[in-house]
Amino acid sequence: MAEEDGSEENTEAEEKPKGNKKKLILFILLVVVLIGVSVGGTLVAVKLLAPEPEPVVELDEDGNPIIAEDEEVEEEKPRLPAIYFPLKPPLIVNYQARGRQRFLQAEITLMSREDDVIEAVEIHMPMIRNSLILLFSGQVYEELQTDEGRELLRQDALLELQTIMQQELGKPGIEKVLFTNLVMQ
C-alpha cells in the first residue's frame with residue numbers, strides 16, 4: 001500500500017502543473033484580449049474626438065481668400081412647395097386601330113413650383129392643349145396599351161410643355177406632367 005500511496009502522490013503532482021499551465025494560458029489570453037480592446041477603444045475615441053482638419057485657403061496679397069472661378073459660392077434656395085394645376089376639360093383623342101375607331105381620354109395635371117409658370121399656363125392654354133392633342137393623336141394605339149408606352153407619352157408631353165414654356169416664359173417651369181385619369185377604349 002505504501003507503493004500505491006506513493007504512486008498516487010506522483011499522479012497528483014503531475015496533474016497540478018498541467019492545470020496550472022491551462023490557467024496560465026487562459027490568464028495570458030485574457031490579458032492580450034483586454035490590451036487589444038483597450039488599444040482599439042483608444043484609437044476609436046481619438047478618431048471621434050479629433051477636430052476636423054481645416055481646408056487650406058489660399059490668400060491674395062491683401063489677405064482675402066482666393067476663390068477659383070469653378071468654385072463659385074452659391075446659396076441654395078429653399079425648395080418651394082409644389083403647385084398642381086389640372087388641365088380642364090380632359091383631352092379626348094381618337095385613333096384608328098385594326099379598322100376600329102378607338103378613343104383616349106386623358107385628365108392631366110401639371111406640377112410646378114412657381115406661380116408665374118401657372119399664370120403663363122393659363123394664358124397659353126390654347127397652345128398647350130393644341131400641342132398635347134397633336135402629340136397624343138400621333139401615337140400608336142397599341143403602344144399606349146403598355147406601361148412603357150404611357151410613360152413615354154408622359155415624358156414626351158413634359159418635354160413638349162417645357163419647350164412651350166421656354167419659348168413663352170424663358171424657362172421650362174413645369175416639373176412634372178401627371179396623368180390623373182387615362183381611359184382607352
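The figures that follow rest on heavy atoms only: side chains count, while hydrogens, waters and symmetry mates do not.
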Who passes side-chain hydrogen bond (donor to acceptor under 3.5 Å, both in side chains) against K176, sequence neighbours left out?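 K176 satisfies side-chain hydrogen bond (donor to acceptor under 3.5 Å, both in side chains) with no other residue.
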
Tell me the ring pair (Phe, Tyr, Trp, His ring centres under 6.0 Å) pairs involving [range], sequence neighbours left out?
range            : result
residues 151-178 : none
residues 124-176 : Y95-Y141
residues 150-181 : none

How close do [X] and [Y] get, heavy atom to heavy atom, and via which atoms?
X    : Y    : answer
A82  : R113 : N-NH1, 3.2 Å
Q166 : P172 : OE1-CD, 3.1 Å
R150 : L182 : CD-CD2, 3.3 Å
G149 : L144 : O-CD2, 4.0 Å
A97  : E142 : CB-OE2, 3.6 Å
G173 : S112 : O-OG, 2.9 Å

State the [atom1]-[atom2] distance between [X] and [Y], to the nearest 0.5 angstrom.
X    : Y    : atom1 : atom2 : answer
L91  : I128 : CG    : CD1   : 11.0 Å
I92  : S137 : CD1   : OG    : 13.5 Å
S131 : L161 : OG    : CG    : 7.5 Å
L30  : I25  : CG    : CD1   : 13.5 Å
R154 : L178 : CZ    : CG    : 7.0 Å

If Ile, Leu, Val, Met, Phe, Trp and Tyr residues are connected whenever their side-chain heavy atoms lie under 4.5 Å apart, and connections chain through other members, are [X] and [Y] in the same group?
X    : Y    : result
V93  : M127 : yes
L152 : L132 : no
M125 : L135 : yes
L153 : V183 : no

Could you pull out every donor-acceptor pair under 3.5 Å between side chains of residues 31-45 and any protein atom, sequence neighbours left out?
from : atom 1 : to  : atom 2 : distance (Å)
T42  : OG1    : S38 : O      : 2.8

Taking only Lys NZ, Arg NE, NH1 and NH2, and the carboxylate oxygens of Asp or Glu, determine whether E175 and R79 approach each other closer than 4.0 Å.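 R79 and E175: salt-bridged.
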
Below 4.0 angstrom, N of the basic side chain to O of the carboxylate: do K171 and E114 qualify?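 Answer for the salt bridge query: yes.
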
Hey, are Q155 and E151 close enough side-chain-wise for a donor-acceptor pair under 3.5 Å?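 Yes - a donor-acceptor pair under 3.5 Å links their side chains.
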
Side chains of V121 and I174, heavy atoms from C-beta outward: is any pair under 4.5 Å?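 A side-chain contact exists here, since the closest heavy-atom pair is under 4.5 Å.
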
Distance-only donor-acceptor pairs under 3.5 Å for side chains of residues 100-111, two or more places apart:
from : atom 1 : to  : atom 2 : distance (Å)
Q101 : OE1    : Q96 : NE2    : 2.5

Residue that, paired with T163, satisfies side chain to side chain contact (heavy atoms under 4.5 Å, CB included) out of Q167, M165, E160: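 So the option named by the test is Q167.
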
For the side chain of E143 and the backbone of Q139, is there at least one donor-acceptor N/O pair under 3.5 Å apart?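 A pair under 3.5 Å: no.
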
